[in-house]
Amino acid sequence: MKVIIAEKPSVAREIAKVFGANTKREGYIEGKGYTFTWAFGHLLQLAPPQEYGFYGWSVQNLPMLPQKFKLSIRKVKTKDGVVEDPAVKKQLDIIKNLFEEATEIIVATDAGREGELIFRYIYYYLKCKKPFKRLWISSQTDAAIKDGFRNLKPGSDYDTLFNSAHCRSQSDWLVGMNATQALSISAGTRSVLSLGRVQTPTLAMICSRYIENKNFVPQTYYQVSIQVDKRGQVFRALSDKNFKTKEEAQAVLDKVEDVPTGFPQGANIISVEAKPRKELPPLLHDLSSLQQEANKRKGFTADQTLSILQSLYESKLVTYPRTGSRYIGDDVFAGISALIDKFTGHPDFGKQAIYLQGVKLSKRSVNAKKVTDHHAILPTGETAHQLSADRQAIYDLVVGRMLEAFHQDCIKEITKIVVESGFKFIATGTVISVPGWRAVFNDTDDDKKDEENPALPKVQQGELLPITEKALLEKQTKPKPLYNEASLLKALETAGKEIDDDELRYAMKDSGLGTPATRAAIIETLIKRDYVAREKKTLVPTGTGLAVYEVVKDQKIAQAELTGSWEKRLEEIRSGASITDFQEEIKTYTRTITQELLKAGVSLKAKPGASTPVKA
DNA sequence: GCAAGGTC
């Protein structure tokens, strides 16, 4: 009997369906001589310090450098404390029994570093010796699955991928566990002061932005604005320059020939320029972009959006949610037209779905090469019944974005009028001439400016018009805003883009900080540690958060570059480089940072009121 | 009590 093991039940079901196997058992499906089973993500994790004899939190144990790492069953928090997750234990038992009966194992965990690790940890934990082959597919359509099974790879082809995954896992453990204990012990506080490769740079981003924002000194500047009247249709134009002093602006204002000062036609139209601008449809959503959108539109936290999306996925209403790709392959695209047809009766989007039936669909989101483990988030087309308000809201964002993504370009008419009246003034106006994809949600532009006119009246070069009003405007430069969840998610995604070192930047280009599946959890961790607090939509550091930031801000552990340098080495390991060099470097680094934090953490002692939130 | 990674 051949056993196929997937990363999660949904994938095992898809594969079983392709084989025509449909006998459902507890924890697996069987039929046609095959057995299809699954994990639930990582079932096993590197064992905690006490399993190597490092009891309590004590300087004597530091740095903790286990000779050989052990695996332990994933834990879950209950009212009786932290225990092995019973569901995980049960599934592991099922897998163990299936592996014992297997003649061959086919590994169908997700095609990536962590997917490989999920399987190998199970395989080694169960001390399994059976031969295994690897299914390597990037989409779960029938065709892709069939093709993948015709091209199964030898399991050993992925040994180096496992090595890189195992190194990632161990390194995070060594640096995270040791740094956390070192800082917590030396600070002498009761609470946990955690540090890690991802959470600490994230905290640093929030804190440095907060400090920059708080210390920002606004600069005052001045502008002159005029209101021009074209037979009852008025528009505003602004001086084409900002002035540092009020006097300069006043001088310009005085020269404006407006009606109240006795000039019936003081505005001279110098030029009129109208240009169409095309806006391509947006890409389909990945998890991060959906979290950002839901935060902006509905105020949902990243964590809320993920959990709502997970429940929609479990109800089979949307495809796999924790994807980092905003694209689909041609195979999925082939079914899009039929999928859109299912939404022609939707109360908000029905009209646009009907419209799309008659036009050529945009292929901007179609690119098989940019589909990684999973494709972009789509509705499945299953009928949604009686969704709660929150689930409906997220579901509609998914459906609406699908319609937008395959819709047509939006065409805008950008008009610029230059007016002269003692000085040069400029009016710009934007009119949507063809809404295209913008018809789906029918909302205004995100980057709308206060000064912009929605539409401008038709005027001609050389025309002389009355200026009905003029004004001197006093304005102030603004600091970069504090992070909210949407802008932080974006910043985590793009972290590393500004690294000077070409190789490190390249190593991080597809990853950023954290992964789509973990970013919401990282934000929650910072809040749980009392490092960061939510104040309405913004994320504000607490006294504790700022104090920890002060201690670590110049250290490697607070820089996104650390991830970049690891990614570079891990990629080398994947292509065959030795793992021992990297492991030795990590050990050395662990010793160094542990020593440094044991000294530096003392500055956190007895900070009065260190845990009270700081007002924005 | 602690990391980051995956998922029910």
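Just so we're on the same page: letters track the sequence lines, and every chain starts at 1. The figures that follow rest on heavy atoms only: side chains count, while hydrogens, waters and symmetry mates do not. This one's a predicted model, so the numbers in the text were calculated from it and none came from an experiment.
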| request: With heavy atoms under 4.0 Å as the rule, sort Gly514(A) into base, sugar-phosphate or nothing. | output: sugar-phosphate

| said: Under 4.0 Å, counting only non-hydrogen atoms across every strand here, what does Pro49(A) touch: a base, just sugar-phosphate, or nothing? | reply: base

| Residue Val82(A), side-chain atoms from C-beta onward, closest of dC8(B), dA3(B), dG1(B) | dG1(B)

| task | Select base, sugar-phosphate, or nothing to describe what Glu314(A) touches, counting heavy atoms under 4.0 Å on all strands. | result | sugar-phosphate

| Stacking between Trp57(A) and the base of dG1(B) (centre distance under 5.5 Å, interplanar angle under 30°)? | yes

| task | Look at the aromatic rings of Tyr52(A) and Trp173(A) and report parallel, tilted or perpendicular, splitting at 30° and 60°. | result | perpendicular

| said: In this structure, how many angstroms lie between the P atom of dC8(B) and the CG atom of Leu43(A), rounded? | reply: 11 Å

| request: Please check the phosphate of dC8(B) (OP1 and OP2 only) for any side-chain N or O of Gln310(A) closer than 4.0 Å. | output: yes

| note | What one should report as the nearest heavy-atom pair of Cys128(A) and Ile105(A) is SG-CD1, 3.8 Å

| message | Applying a 4.0 Å non-hydrogen cut-off, can you work out what Tyr313(A) is touching in the nucleic acid: base, sugar-phosphate, or nothing? | response | sugar-phosphate

| task | Measure from CG on Asn61(A) to P on dC2(B) and round the result to the nearest Å. | result | 17 Å

| field | Whole-Å distance separating the CD1 atom of Ile557(A) from the C1' atom of dC2(B) | value | 12 Å

| task | Determine the contact category for Gln181(A): base if any of its heavy atoms lies under 4.0 Å from a base atom, sugar-phosphate if only primed atoms, P, OP1 or OP2 are that close, otherwise nothing. | result | base

| Within less than 4.0 Å of OP1 or OP2 of dA3(B), is there a side-chain N or O belonging to Ser194(A)? | yes

| Can you tell me how far NZ of Lys587(A) sits from OG of Ser171(A), rounded to the nearest 0.5 angstrom? | 11.0 Å

| task | Figure out the CG/C1' separation between Leu526(A) and dC2(B), and round it to whole Å. | result | 14 Å

| said: From CH2 of Trp566(A) over to C1' of dG5(B), roughly how many Å is that when rounded to an integer? | reply: 12 Å

| task | Using atom CG of Asp172(A) as one end and atom C1' of dA4(B) as the other, report the distance to the nearest whole Å. | result | 5 Å

| note | To the nearest 0.5 Å, atom CD1 of Ile4(A) lies from atom OG1 of Thr109(A) at 12.5 Å

| Between Leu306(A) (CG) and dC8(B) (P), how many Å, whole number? | 11 Å

| task | Pick base, sugar-phosphate or nothing for Gln170(A), based on heavy-atom distances below 4.0 Å to the nucleic acid. | result | nothing

| field | Sugar-phosphate, base or nothing in reach of Arg197(A), heavy atoms under 4.0 Å | value | sugar-phosphate

| query | Can you check whether Arg120(A) has a side-chain N or O nearer than 4.0 Å to OP1 or OP2 of dG5(B)? | reply | no

| Side chain of Gln45(A) - closest among dT7(B), dC2(B), dA4(B) | dA4(B)

| Is the Tyr124(A) ring parallel, tilted or perpendicular to the Phe162(A) ring (thresholds 30°, 60°)? | tilted

| task | Could you tell me the separation between the CD atom of Glu524(A) and the P atom of dA3(B), rounded to a whole number of Å? | result | 14 Å

| said: At 4.0 Å (heavy atoms only), tell me whether Arg519(A) reaches a base, stays on the sugar-phosphate, or touches nothing. | reply: nothing

| Among dC2(B), dC8(B), dA4(B), which is the nearest nucleotide to the side chain of Phe40(A)? | dC8(B)

| Any side-chain N or O of Arg168(A) less than 4.0 Å from the OP1 or OP2 oxygen of dG5(B)? | no

| message | Testing Thr200(A), Thr202(A), Leu488(A), Thr542(A) one by one against Leu526(A) for a side chain to side chain contact (heavy atoms under 4.5 Å, CB included), which residue passes? | response | Thr202(A)

| task | Indicate, with a heavy-atom threshold strictly under 4.0 Å, whether Asp110(A) touches base, sugar-phosphate, or nothing. | result | sugar-phosphate

| remark: Of dG5(B), dG1(B), dT7(B), the nucleotide closest to the side chain of His374(A) is dT7(B)

| message | Need one value for Val198(A): base, sugar-phosphate or nothing, where a base atom within 4.0 Å counts as base even if backbone is also close, heavy atoms only. | response | sugar-phosphate

| task | Establish, with yes or no, whether the OP1 or OP2 oxygen of dA3(B) is under 4.0 angstrom from a side-chain nitrogen or oxygen of Gln199(A). | result | yes

| request: Would you mind telling me which residue lines up with the more 5' stretch of DNA chain B, Asp85(A) or Thr518(A), judged by nearest nucleotide? | output: Thr518(A)

| message | Classify Leu46(A) by what it touches in the nucleic acid, base, sugar-phosphate, or nothing, heavy-atom distance under 4.0 Å. | response | base

| said: Looking at Tyr123(A), I'd like to know if the NZ or CZ of Lys130(A) sits under 6.0 Å from its six-membered ring centre while staying within 45 degrees of the ring's axis. | reply: no

